[in-house]
Amino acid sequence: MLLLECPYCGVKADETELTPGGEAHLKRFGPGSTDEAFEEYLFLRPNPKGVHFERWRHAHGCGKWFLAARDTATLEVFGTYTAQTTEPPEHIIDAIRAKRPDWSQA
Amino acid sequence: MRRYSAFAIAREAARHHQGWERAWKSPAPKKSYDAIIVGAGGHGLATAYYLGRNHGIRNVAVIEKGWLGGGNTGRNTTIIRSNYLQDPSAAIFEKARSLYETLSQDLNYNIMFSPRGVMMLAQTEHELRGWQRTAHANKLQGIETEFIGPKKVKELCPIINLDGPRYPVLGALWQARGGTARHDAVAWGYARACSDMGMDIIQQTEVTGVRRDGGKVIGVETTKGFIGCTKLGIVVAGHSGVLAEMAGFRLPIESVALQALVSEPIKPCMDVVVMANTVHGYMSQSDKGEMVIGGGADGYNNYTQRGSFHHVEETVRALVETFPIISRLKMLRWWGGIVDMTGDRSPILSTTPVENCFINCGWGTGGFKAIPGSGWAMAELMAKGHSPLAEEFSLTRFREGRFIDESVAAGVAH
């Protein structure tokens, strides 16, 4: 069972308390953008076997969206952080690098 | 290949079963092939089989990183049905179901196809109307299904509890020609037939790269070295995204875990397959007597072939209400598989941005039932460049907004 710490209320919540929300840091494209960009934003996902940044909602807690870095091949959690950012913060990147020296950010 | 028959059993019995030959060969890879299929699951082997049988392409290798049929082919709940709402899905699943009917004879391998009937329960007003609509659609598609009332449901499945307090059974969509088959035997039967046609099934060999030359595929890098090919078919389910990345394109796919379990074996008590989509559980009884139970997929990306305990708990809790008889059964085995989910919950059978590279993926939670039809269409696509069954399932449908939206049609993943 996954345990993620909600960065807002500090609760270590297990996954029954949370709702998964898919890949994080998507760059949004809307009307007026090219078909390629729109398709990319709506559908195409790297779906990595390894480090994955993703959205979660503390649905049965504070109700807020937050972000997590997790390994999809081992279920290891590298850390969670607030959603008010367009890219993973430095301390999360460092935590991943410490455990996955070969990892490079796509 | 020596044929299997009653006579063969007698002959081998007379010589102490010393004469059985191996069902398929395990050759070392050749330098190059006309076609390489990555993934020796049901879909990959079926693709190879129909490439040989329907299109005469027999210089084929099927490359598998583990052992054949060891992925989702060996991890599903073996249900076969074709009662889909949308025409393209109905066409390919019905093709598969009809091929299953004679597959044992075609392959000379008993796949134990058991057309015991599949019922999909309507447990809310919404579902009731949905299944009635599907029954009408199936009539127009020429697929034999009917909407049946609660009385008939009870007749067909006496252990069901019709008036559960939360989810009463209001009726069901009944497909009498649906059923189950022995999942491993489907992979083994295709493998034996492929090997007999001279194809190479190369197990324990992982594809580590896709070699291209000017936008055209020329072969694959593997743990046993480079193997050249004219055409490449990627048929790897959960790991489709990983292979696509090697080939240099991206897919509208996310991989999640789907779990199933079986109970301890009990005496025969249920001779149909029951699916309850509202509570998200389905159940049938295997020939060994185990109750085979499946549920919903986990919601987050996962490659670990195991899932969350609470999902299993939800599934079983709901089924116990509909089938009180199972409440004291012990769980015997529990496992997970990695399923490849697309945005519209329909598969992708398509050409790709890389020339001569084809992909068959996105079957999500419902691939087993499609194996023969999927292989049939994929083989045609690889041999001719187009296939009427595969046409609507192209990779470009997402960009063009031509979804085949079975997730809305079924109300759940299917």
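First the proteins, then the strands, lettered A, B, ... as listed; each starts at 1.
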In this structure, are over 12 heavy atoms from other groups packed under 6.0 Å from [X] atom [atom1]?
| X | atom1 | result |
| --- | --- | --- |
| Glu76(A) | CD | yes |
| Arg402(B) | CZ | yes |
| Trp334(B) | CH2 | yes |
| Lys224(B) | NZ | yes |

Leu2(A), part contacting chain B, at a heavy-atom distance under 4.5 Å |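 The answer is the side chain of Leu2(A).
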Part of Thr19(A) lying under 4.5 Å from any heavy atom of chain B =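 Neither the backbone nor the side chain of Thr19(A) comes within 4.5 Å of chain B.
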By a 4.5 Å heavy-atom criterion (distance strictly below it), what part of Glu245(B) contacts chain A: side chain, backbone, both, or neither?
->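 Neither part, no heavy atoms under 4.5 Å.
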Greatest number of heavy atom pairs closer than 4.5 Å to chain B - which of Gly50(A), Gly22(A), Pro46(A) |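 Of Gly50(A), Gly22(A), Pro46(A), Pro46(A) has the most heavy-atom pairs under 4.5 Å with chain B.
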For chain B, which of Lys49(A), Met1(A), Glu23(A), Glu40(A) has the most heavy-atom pairs under 4.5 Å?
->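 Option with the top pair count is Lys49(A).
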Chain A: which of Gly401(B), Ala244(B), Ser255(B) shares the most heavy-atom pairs with it under 4.5 Å?
->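 Ranked by heavy-atom pairs under 4.5 Å with chain A, first place is Ser255(B).
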Would you mind telling me which of Asp340(B), Val242(B), Thr342(B), Ile253(B) has the largest number of heavy-atom pairs within less than 4.5 Å of chain A?
->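 Winner by heavy-atom pair count: Ile253(B).
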Please confirm whether the backbone N or O of Thr72(A) pairs with a side-chain atom of Asn301(B), one donor and one acceptor, at under 3.5 Å?
->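 No; judged by distance alone, with no hydrogens or angles, the pair does not exist.
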Report the C-alpha distance between Tyr300(B) and His52(A) in whole Å, list the side-chain angles of each, state the deciding distance to 0.1 Å, and finish with yes or no for side-chain contact (heavy atoms from CB on, under 4.5 Å).
-> CA-CA 10 Å; Tyr300(B) 53 86; His52(A) 189 237; over 6 Å; no
Which pair of heavy atoms, one from Phe43(A) and one from Phe398(B), lies closest together, and at what distance?
->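 Scanning both residues, the minimum pair turns out to be CE1-O, 3.4 Å.
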Residue pair Leu75(A) / Arg306(B): nearest heavy atoms and the distance that separates them |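 For Leu75(A) and Arg306(B), the tightest heavy-atom pair comes out as CD1-NH1, 4.4 Å.
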Are Asn47(A) and Tyr303(B) close enough that a side-chain donor and a side-chain acceptor fall under 3.5 Å?
->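 Looking only at side-chain atoms, Tyr303(B) and Asn47(A) do form a donor-acceptor pair, the distance falling under 3.5 Å.
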With rounding to the nearest 0.5 Å, note down the distance linking CG in Asp71(A) to OG1 in Thr304(B).
->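 Interatomic distance, Asp71(A) CG to Thr304(B) OG1, rounded to 0.5 Å: 10.0 Å.
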Interatomic distance, Met341(B) atom CE to Arg45(A) atom CZ [nearest 0.5 angstrom] =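 Going from CE on Met341(B) over to CZ on Arg45(A), the span is 14.5 Å.
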